[in-house]
Amino acid sequence: MHGRGWETHQRDYADLEHSAQEILVSQNAWIPGLLQTAAYTSYLLDAVVALDQDAIGAAVRGRIERQKVLYQRDTHLHVGLTEAVLRHRMGGAVIMAEQLRRLADLSRLPTVELGVIPADTDMPSRYGASFDLFEHLDGRDDDSIVIVELEAGEVREGDPERVRAYRVRRRSRARARGSDLRLAHAAWCFALRE
């Protein structure tokens, strides 16, 4: 992923996102890329990934460009976040407050479903790795792919049995999550106080 260059990486993701009818995201580390503000993305790419400033600018532009898929009626994004994702102030209070406002705005789109798993939820299993599941690629019911991003790369799974395991895990997390953004609002208020 990182060796191919971030612009290429963003284009690859955009192609997958545009070909999928459903994108299921399970995230316990940070806000998913399709929902990130430019400042939040820039912070992550600088502080976490350690890209140089030129690469950061190109990657941020690519990620923001990808977000156009959120406004297309034929693609639906279903995101499950852990409460910790909302409470960790990546980049500080100002960046996080802007990010939480953006989440609240995007959650109102008819193509976006956002759920939060409260920290005190009885979970059916461990969190496991965060992942993106792209369903019904090019309109085919039997064509899906899972991407698990790692620190220095990614794992892509297209084998139906392995994809099924992620579907099951995503459903179990969906049952555990909250159905509204009360936690996002609470985290946003907390970020503003600091």
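The two residues Glu17 and Phe134 make their nearest non-hydrogen contact at CG-CE2, 3.7 Å. Here the closest non-hydrogen pair linking Met90 and Leu44 is SD-CD2, 4.3 Å. Of all the heavy atoms in Tyr71 and Leu106, the pair that sits closest is OH-CD2, 3.7 Å. Across Thr37 and Tyr40, no two heavy atoms sit closer than the pair OG1-N, 3.1 Å. Minimum interatomic distance between Gly91 and Ile95 (heavy atoms only, all atoms of both residues): O-CD1, 3.5 Å. Nearest heavy-atom pair, Val148 versus Ala129, reported as atom, atom and distance to 0.1 Å: CG1-CB, 3.8 Å.
Here the side chains of Glu65 and Gln10 are not in contact, with every heavy-atom distance at 4.5 Å or above. For the pair Asp132/Glu154, no side-chain contact is recorded, criterion being any heavy-atom separation below 4.5 Å from C-beta on. At a threshold of 4.5 Å between non-hydrogen side-chain atoms, the residues Met96 and Leu100 count as touching. The shortest side-chain heavy-atom distance between Arg102 and Ile31 does not fall under the 4.5 Å cut-off. At a threshold of 4.5 Å between non-hydrogen side-chain atoms, the residues Leu103 and Leu81 count as touching. Using a 4.5 Å cut-off on side-chain heavy atoms (C-beta onward), His76 and Glu113 make no contact. Under the 4.5 Å side-chain criterion, counting only non-hydrogen atoms from C-beta, Leu35 is in contact with Leu77. Contact annotation: the side chain of Val60 never approaches that of Arg63 to less than 4.5 Å [non-hydrogen atoms, C-beta and beyond].
Between the side chain of Arg61 and the main chain of Gly57, a donor-acceptor pair closer than 3.5 Å is present. Using a distance-only test at 3.5 Å, with no hydrogens or angles considered, no donor-acceptor pair links the side chain of Thr82 to the main chain of Ile117. Panel note: side chain Thr111, backbone Leu70; a donor-acceptor pair is recorded below 3.5 Å. Under a 3.5 Å cut-off, the side chain of Gln27 and the backbone N or O of Ala29 do form a donor-acceptor pair. Judged by distance alone, the side chain of Asp52 and the main-chain N or O of Asp54 form a donor-acceptor pair under 3.5 Å. Under a 3.5 Å cut-off, the side chain of Gln99 and the backbone N or O of Leu86 do not form any donor-acceptor pair.
Residue Leu45 holds its CG atom at 10.0 Å from CD of Gln53, rounded to the nearest 0.5 Å. Ile64 CD1 to Leu34 CG: the interatomic distance, rounded to the nearest 0.5 Å, is 10.0 Å. To the nearest 0.5 Å, atoms CG (Asp74) and NE2 (His18) are separated by 9.5 Å. Note that the CZ atom of Arg140 and the CD atom of Gln21 stand 10.5 Å from one another [nearest 0.5 Å]. Atom-to-atom distance recorded for Ser19:OG and Leu137:CG is 4.5 Å, nearest 0.5 angstrom. One finds the CD atom of Gln36 at 8.0 Å from the CD atom of Gln67 (value rounded to the nearest 0.5 Å).
Annotation for Arg162: atom CZ does not count as buried by contact number, only 12 or fewer foreign heavy atoms lying within 6.0 Å.
With respect to Ser144, the side-chain hydrogen bond (donor to acceptor under 3.5 Å, both in side chains) criterion is satisfied by exactly one of Arg167, Glu22, His136: Arg167.
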